[in-house]
2 protein chains.
Amino acid sequence: MNAALQHETLTRSVEDYLKAIYRLSPQGRAASTSEIAQRLELSPASVSGMVKRLSEQGLLEHVPYKGVQLTADGRRAALRMLRRHRLIEAYLVAFLGYTWDTVHEEAERLEHAVSDTMVERMAAVLGNPAVDPHGDPIPTSDGDIHETAGIPLSEVPAGARVEVRQVEESQPDRLRYIASLGLRPGVRFTVVDRQPFRGPITIEVAGRTHVVGSELGQVVRCAGDEDA
Amino acid sequence: MNAALQHETLTRSVEDYLKAIYRLSPQGRAASTSEIAQRLELSPASVSGMVKRLSEQGLLEHVPYKGVQLTADGRRAALRMLRRHRLIEAYLVAFLGYTWDTVHEEAERLEHAVSDTMVERMAAVLGNPAVDPHGDPIPTSDGDIHETAGIPLSEVPAGARVEVRQVEESQPDRLRYIASLGLRPGVRFTVVDRQPFRGPITIEVAGRTHVVGSELGQVVRCAGDEDA
DNA sequence: ACTCAGATTTAGGGTAGGCTAAATCTGGGA
DNA sequence: TCCCAGATTTAGCCTACCCTAAATCTGAGT
Ligand SMILES: [Mn+2]
Ligand SMILES: [Mn+2]
Ligand SMILES: [Mn+2]
Ligand SMILES: [Mn+2]
């Protein structure tokens, strides 16, 4: 309920903190100060300070030296930002000639500036998409989200035929490389070979064979054919 | 040249100050502290402080107790913001279902968040419009502007047939009223009668007659048929 | 049970940009 | 020429966030 009041008053910093903490807390795990600091490229001391303020505002639960979790209000605000971010990305790709390697940076700023009205207008002209250009699910306007974390490419058994589900959006050059392999959400391909100890992975995409390193194995997430 | 460096580093506040000062300085007149304060809804003391900082940064020329003028750098930055603001307004009306009474507020925030790239993409899909939804001229990307200040409706002689040029964008309810009269940029109408001493003005728009007060007379600006 | 490296918090400091109240300037009228 | 109302600036304060350096906690490994 507090959230209704804060709704309009959260600063850009606060919004980015909440979003980062959400992404660092799969199924409500606690996020650590240093994880948050690393993701937001801030000093741990700064994060400590902000965490204290956000707890006092009721957006976080903080156990000193242990970590933070979002409260219901905090989670609501985080999902609202995630919806904005991902819809903006989808809109820019669909209507303003952006590619998946360039949208993230633009959305990172715009997400704080657009009105709820504008977000919903963009959703409408897009036909209420379920995922963004990186395959990440878009929360609904009332805060539901289908977290469909595919399995990392590095864990797909050799021989399997799978579909790209989602690709980590940070690092534009990495996204360009991935696109150059023909991989993007929805594309089906085959894992031909997988070497142990984080070794290279051989894949075949649209008839062409590529060998990629373990970093890509972490960053590209896949799904079998069962669902979807 | 300083501007090139600052380009990316101007804050939202600074950008709004420069824009306000530009609009308060037709043909390089000096803008006063209190005018700026009023337009930005800030205290005169706050404006004094900011004016000092902006002068030190080379964006303003300040003669204490007299007023401020934009430097070349300041003017460049102001026109860049004006281009952004007006293109965003045009884009929102054209593609996202906004009306001229709702765009200003949205643009006031977005103008600080969009990249140059996005601004130019919007301009491109719009076909590089010359004016925004309120009839205000859009500066070019290299900072040219055709200030086409029409004459206020209150100064149009009775009997004249004129065209709406531009309408003051602040105050959404006033814009809705004006729209309800059938007036918007490009619409031709006749001034039937004009009473002295800021008296009411009778106009005929598309066959319908209306009597409006002097406030509208100031806010609606017109042009004869010669140009355009 | 101790220890200490690494994580975290605290202390202290900086910038940006607001505000109110007090001091100061300026120009028009007597 | 003088005076004072109104405009402007200065003084002092506040909030939000960021930083580095110092203090403090915690837990894994002996
Ligand atoms: Mn952001
Ligand atoms: Mn994304
Ligand atoms: Mn603005
Ligand atoms: Mn406008």
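Letters A, B, ... mirror the listed sequences (proteins, then strands); counts begin at 1.
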Closer than 4.0 Å, any side-chain N/O of K52(A) to the OP1 or OP2 of dT10(C)? yes
Looking at the side chain of M50(B), which of dT10(C), dA16(D), dG18(C) is the nearest nucleotide? dG18(C)
For atom CG of L42(B) and atom C1' of dT9(D), their distance in whole Å: 16 Å
Kindly say if S43(B) contacts the phosphate of dC19(C), meaning a side-chain N or O under 4.0 Å from OP1 or OP2. yes
If you define the side chain from C-beta out and look only at heavy atoms, does anything of M118(A) sit under 4.5 Å from L110(B)? yes
Comparing nearest nucleotides in DNA chain D, the 5'-proximal residue of the pair S13(A), V47(B) is V47(B)
Verdict with supporting geometry, T117(A) and T102(B), side-chain contact (heavy atoms from CB on, under 4.5 Å): CA-CA 11 Å; T117(A) 299; T102(B) 54; over 6 Å; no
Round to the nearest Å and state the distance from Q57(B) atom CD to dG17(C) atom C1'. 12 Å
E15(A) atom CD is separated from dA16(D) atom P, nearest whole Å, by 15 Å
Rounded to the nearest Å, what distance is computed from the CG atom of residue L54(A) to the P atom of nucleotide dA16(D)? 11 Å
Measure CD/E56(A) against P/dA16(D) and give the value in whole Å, please. 10 Å
Could you walk me through whether H134(A) and L175(A) pass side-chain contact (heavy atoms from CB on, under 4.5 Å), step by step? CA-CA 9 Å; H134(A) 309 101; L175(A) 283 174; 3.8 Å; yes
Q38(A) CD: over 12 foreign heavy atoms closer than 6.0 Å: no
Using atom CG of L10(B) as one end and atom P of dA16(C) as the other, report the distance to the nearest whole Å. 12 Å
Expressed as a whole number of angstroms, how long is the span from R12(B):CZ to dG18(C):C1'? 14 Å
Is there a side-chain polar atom (N or O) of S48(B) under 4.0 Å from OP1 or OP2 of dT10(D)? no
Of the listed nucleotides dA16(C), dC17(D), dA11(C), the one nearest the side chain of A45(A): dA11(C)
Report the distance from atom CD1 of I36(A) to atom C1' of dC17(D), rounded to the nearest whole Å. 15 Å
Nucleotide nearest Y17(B) (side chain, heavy atoms from C-beta), chosen from dT9(C), dG18(C), dT26(C): dG18(C)
Q171(A), CD: over 12 other non-hydrogen atoms inside 6.0 angstrom: yes
Can you find a side chain N or O atom of S46(B) that sits less than 4.0 Å from OP1 or OP2 on dG17(C)? no
